[in-house]
Amino acid sequence: MTKTSVPITVFARTTSSPAHTYRVIVPIDLAQVFKPWGPLPGVAEVRDQTGTWNRPGTSRQTWFTDGSKADERLTEIAEGHGFAYELSGFTNVLAKLTSGVRGEWSFLPDGTGTSIRWTYDFRPLPGRRWIVAGPFKQLWIRYMRAALTRMVTVVQETPKGITEE
């Protein structure tokens, strides 16, 4: 994060283990959990993925329900504990607001379950920080919470044996 970046973090808890939660969320079907919310589009599909979404350098295009897209590249993996990625090349309003976004997930033991921490760190374009840190942030928090709630449901409904190696 830089001084001018705008981090937005949401948290959730699941009764599943960190390893199971990680194995379900890393390759999750984005269209299943990122639904349109308010003025924000959902994810329609992922295209041109260069490999399995489990090693740094893998990239893909995320297409949204409004016809826009973004480029996504996996940058870090901490097996069973977390991962990070970069989003850039937006063709929607984010192209006018940010130069990119860094996403980061952490899965931490929490009693008999897992505490999930998800952060989007927006890099606003010059003169745009006030929009990203103000009205946009308020919308984005709600969007992230809704998506994270759906992800927790998928984690808890996925049988443990499905993700075990």
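We use all heavy atoms of the structure for the numbers below, so side chains are in, but hydrogens, waters and symmetry mates are not.
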Enquirer: Kindly give the heavy-atom pair with the smallest separation between Leu40 and Leu139, and that separation in Å.
Expert: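 Of all heavy-atom pairs spanning Leu40 and Leu139, the closest is CD1-O, 4.0 Å.
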Enquirer: Do you reckon Ile141 sits in the same ILVMFWY cluster as Val93, going by side-chain contacts under 4.5 Å, direct or chained?
Expert: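 Both belong to a single hydrophobic cluster.
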Enquirer: Verify, without hydrogens or angle tests, whether His20 (side chain) and Val155 (backbone) share a donor-acceptor contact under 3.5 angstrom.
Expert: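 Answer holds: yes.
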Enquirer: Does the side chain to side chain contact (heavy atoms under 4.5 Å, CB included) test come out yes or no for Gln49 and Thr58, once each step is laid out?
Expert: CA-CA 7 Å; Gln49 190 163 310; Thr58 303; 4.2 Å; yes
Enquirer: Hydrophobic clusters here meaning ILVMFWY residues chained together by side-chain heavy-atom distances under 4.5 Å, can you tell me if Val152 and Phe11 are in one?
Expert: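 Different clusters: Val152 never reaches Phe11 through Ile, Leu, Val, Met, Phe, Trp or Tyr contacts under 4.5 Å.
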Enquirer: After noting the C-alpha distance and the side-chain angles of Arg55 and Leu74, does the key distance pass the side chain to side chain contact (heavy atoms under 4.5 Å, CB included) rule?
Expert: CA-CA 7 Å; Arg55 63 181 195 280; Leu74 195 56; 5.6 Å; no
Enquirer: Can a donor-acceptor pair be found, under 3.5 Å and without considering hydrogens, that links the side chain of Ser106 to the backbone of Gly82?
Expert: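 No; zero donor-acceptor contacts below 3.5 Å.
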Enquirer: Determine whether Ile28 and Val33 satisfy the following criterion, side chain to side chain contact (heavy atoms under 4.5 Å, CB included), listing intermediate values before the conclusion.
Expert: CA-CA 8 Å; Ile28 203 160; Val33 293; 3.9 Å; yes
Enquirer: Roughly how far, to the nearest 0.5 Å, is the CD1 atom of Ile25 from the CH2 atom of Trp53?
Expert: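 If we round to the nearest 0.5 Å, Trp53:CH2 and Ile25:CD1 are 15.0 Å apart.
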Enquirer: Could you measure the distance from the CD atom of Gln156 to the OG1 atom of Thr15? Nearest 0.5 Å is fine.
Expert: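 Rounded to the nearest 0.5 Å, the CD-OG1 separation comes to 3.5 Å.
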Enquirer: With side chains defined as the heavy atoms from C-beta onward, is the minimum distance between Asp121 and Val101 less than 4.5 Å?
Expert: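 A side-chain contact under 4.5 Å is absent here.
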Enquirer: Going by heavy atoms in the side chains, are Phe122 and Leu94 under 4.5 Å from each other?
Expert: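 Yes, their side chains come closer than 4.5 Å.
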Enquirer: Would you call Phe107 and Thr14 a side-chain contact if the rule is heavy atoms closer than 4.5 Å?
Expert: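 With C-beta onward as the side chain, the pair stays apart.
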Enquirer: Heavy atoms only: give me the nearest Thr50-Gly57 pair and the separation to one decimal.
Expert: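 Of all heavy-atom pairs spanning Thr50 and Gly57, the closest is OG1-O, 4.2 Å.
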Enquirer: For the residue pair Ala31 and Ala44, what are the closest heavy atoms and their distance?
Expert: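 Closest approach of Ala31 to Ala44, heavy atoms only: CB-O, 3.6 Å.
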Enquirer: If only side-chain N and O atoms count, and only distance matters, is there a donor-acceptor pair under 3.5 Å linking Ser88 with Asp71?
Expert: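 Short answer, no.
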Enquirer: Without hydrogens or angle criteria, can the side chains of Trp63 and Gln61 be said to hold a donor-acceptor pair below 3.5 Å?
Expert: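 A donor-acceptor contact under 3.5 Å links the two side chains.
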Enquirer: Please find the pair of heavy atoms, one from Trp118 and one from Met144, that lie closest to each other, and give the distance.
Expert: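 For Trp118 versus Met144, the nearest heavy atoms are CZ3-O, 3.4 Å.
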Enquirer: Using the side chain to side chain contact (heavy atoms under 4.5 Å, CB included) rule, take Thr91 and Phe64 through it: C-alpha gap first, then chi angles, then the decisive distance, then the call.
Expert: CA-CA 10 Å; Thr91 62; Phe64 301 100; over 6 Å; no
Enquirer: Using 0.5 Å steps for rounding, measure from the CD1 atom of Ile131 to the NZ atom of Lys137.
Expert: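 Spacing of CD1 (Ile131) from NZ (Lys137) equals 15.0 Å.
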Enquirer: Does the side chain of Pro18 reach to within under 4.5 Å of the side chain of Pro109, using non-hydrogen atoms?
Expert: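 Side chain of Pro18 against side chain of Pro109, heavy atoms only: contact under 4.5 Å found.
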Enquirer: Describe, in one word, how the ring planes of Tyr143 and Phe34 are oriented to each other, choosing from parallel (under 30°), tilted (30 to 60°) and perpendicular (over 60°).
Expert: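 Ring orientation, 0 to 90° scale: tilted.
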Enquirer: Side chains of Arg102 and Glu76: closer than 4.5 Å at any heavy-atom pair?
Expert: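 When only atoms from C-beta onward are counted, Glu76 and Arg102 do touch, with a gap below 4.5 Å.
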Enquirer: Distance only, no hydrogens: is a donor on one side chain within 3.5 Å (strictly under) of an acceptor on the other, for Glu104 and Thr119?
Expert: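 Short answer, no.
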Enquirer: Between OG1 of Thr153 and CD of Gln32, what distance do you get to the nearest 0.5 Å?
Expert: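 One finds 10.0 Å between OG1 of Thr153 and CD of Gln32.
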Enquirer: State, yes or no, whether a side-chain contact exists between Pro124 and Val6 at a heavy-atom distance under 4.5 Å.
Expert: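 Pro124 vs Val6: side chains touch.
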Enquirer: So, are Glu45 and Arg60 salt-bridged, with charged N and O less than 4.0 Å apart?
Expert: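 Result for this pair is no, no salt bridge flagged.
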Enquirer: Nearest 0.5 Å, what's the CG-OG1 distance between Leu108 and Thr114?
Expert: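 Separation between the atoms: 8.5 Å.
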Enquirer: Does this structure show an ion pair linking Arg73 with Glu86, if we count only N-O contacts that are shorter than 4.0 Å?
Expert: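 Salt bridge: no.
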Enquirer: Can you sort out the partners of Arg13 under salt bridge (Lys or Arg N to Asp or Glu O under 4.0 Å), two or more places apart, ordered by chain and number?
Expert: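 Listed in chain order: Asp110.
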Enquirer: Heavy-atom distance under 4.5 Å between the side chains of Leu125 and Lys96, does that happen here?
Expert: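 Answer no - side chains too far apart.
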Enquirer: Looking at every heavy atom in both Thr4 and Arg129, which two are closest together, and how far apart are they?
Expert: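 Of all heavy-atom pairs spanning Thr4 and Arg129, the closest is O-NE, 3.1 Å.
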Enquirer: Side chains of Leu87 and Tyr120: closer than 4.5 Å at any heavy-atom pair?
Expert: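 Leu87 vs Tyr120: side chains touch.
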Enquirer: Drop me the distance from Ile116's CD1 to Met151's CE, to the nearest 0.5 angstrom.
Expert: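 Going from the CD1 atom of Ile116 to the CE atom of Met151 covers 8.5 Å.
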